[in-house]
Asks: 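Following this message is one structure expressed as structure tokens.
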Amino acid sequence: MPQSNSIGVSVPARTPGSIAKLFGDLKVRPKLMVLHNLFFHDSGARVYFALYPYLPEQAKTNFFIVLGGIYILAVLALETTIMPLYVYRPLRLMLNADQATQHGNRDRKSSTSS
């Protein structure tokens, strides 16, 4: 059964607990998650292996743990704050405006752009 979103456009019903329920039908989200995770993983590995030969034995494990913690915090900040606010929300607004325009509802399209 179709549901109406915040601008009155009919969208397909979503099953409870699905990722689509939380983030909409943005197919770009998983791709961005993979890309920024690869970026952080690659960056962390480069820093770790560049400094590894210069670290004392007891500091190598601690350095690995610190870099892992920074990686986790960066990914959490990106996924919970930055991406939803600056990427997913504007994309969702554009998709909703596009869908409203396709259905001939030009008044709703202009109200989402403000």
Side-chain angles (χ1 to χ4, degrees):
M1 168 193 264
Q3 299 173 342
S4 183
N5 65 6
S6 61
I7 64 167
V9 176
S10 180
V11 294
R14 298 180 180 112
T15 58
S18 69
I19 292 176
K21 178 183 174 190
L22 294 174
F23 301 104
D25 296 317
L26 299 176
K27 306 270 188 292
V28 73
R29 185 173 194 281
K31 294 173 189 170
L32 288 173
M33 285 177 59
V34 168
L35 286 174
H36 75 71
N37 273 300
L38 285 174
F39 171 75
F40 284 127
H41 186 274
D42 182 58
S43 299
R46 285 176 187 261
V47 168
Y48 181 73
F49 288 116
L51 297 176
Y52 187 83
Y54 305 107
L55 295 173
E57 273 310 308
Q58 66 270 18
K60 291 179 181 180
T61 303
N62 291 341
F63 187 60
F64 181 77
I65 292 169
V66 168
L67 281 177
I70 291 171
Y71 169 79
I72 290 170
L73 291 174
V75 169
L76 283 174
L78 200 62
E79 281 300 315
T80 60
T81 306
I82 297 167
M83 296 296 277
L85 186 61
Y86 295 106
V87 177
Y88 305 136
R89 188 171 135 222
L91 281 174
R92 189 173 295 117
L93 289 172
M94 287 189 309
L95 290 172
N96 288 342
D98 179 58
Q99 192 173 23
T101 303
Q102 288 177 7
H103 293 294
N105 192 348
R106 297 195 186 273
D107 294 331
R108 292 275 169 91
K109 176 189 72 84
S110 60
S111 67
T112 61
S113 62
S114 57

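A quick note: this is a predicted structure, and the numbers were derived from the prediction, not measured.
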Asks: Can you tell me how far the OH atom of Y48 sits from the CG atom of L55, to the nearest 0.5 Å?
Replies: 7.5 Å
Asks: Flag yes if F64 and V66 sit in one hydrophobic cluster, no otherwise; membership is Ile, Leu, Val, Met, Phe, Trp, Tyr, and two members link when side-chain heavy atoms are under 4.5 Å apart.
Replies: no
Asks: Among all residues two or more places apart in sequence or in another chain, which pass the side chain to side chain donor-acceptor pair (under 3.5 Å) test with Y71?
Replies: N37
Asks: Would you compute the distance between atom CG of N96 and atom CG of L91 and round it to the nearest 0.5 angstrom?
Replies: 11.0 Å
Asks: Do you know which two heavy atoms are closest between P90 and L85, and how far apart they sit?
Replies: CD-O, 3.6 Å
Asks: Got a sec, which residues hit ring pair (Phe, Tyr, Trp, His ring centres under 6.0 Å) with F39, two or more places apart in sequence or on another chain?
Replies: none
Asks: Would you say Y88 ends up clustered with L76 if hydrophobic residues are merged whenever their side chains have heavy atoms under 4.5 Å apart, either directly or through other cluster members?
Replies: yes
Asks: If hydrophobic clusters are built by linking Ile, Leu, Val, Met, Phe, Trp and Tyr wherever their side-chain heavy atoms come under 4.5 Å apart, do I72 and L67 end up in the same one?
Replies: no
Asks: According to a 4.5 Å side-chain heavy-atom criterion applied to Ile, Leu, Val, Met, Phe, Trp and Tyr, with indirect links allowed, do Y86 and M83 form part of one hydrophobic cluster?
Replies: yes
Asks: Are I70 and F49 grouped together when hydrophobic residues (ILVMFWY) are joined by side-chain heavy atoms under 4.5 angstrom apart?
Replies: no
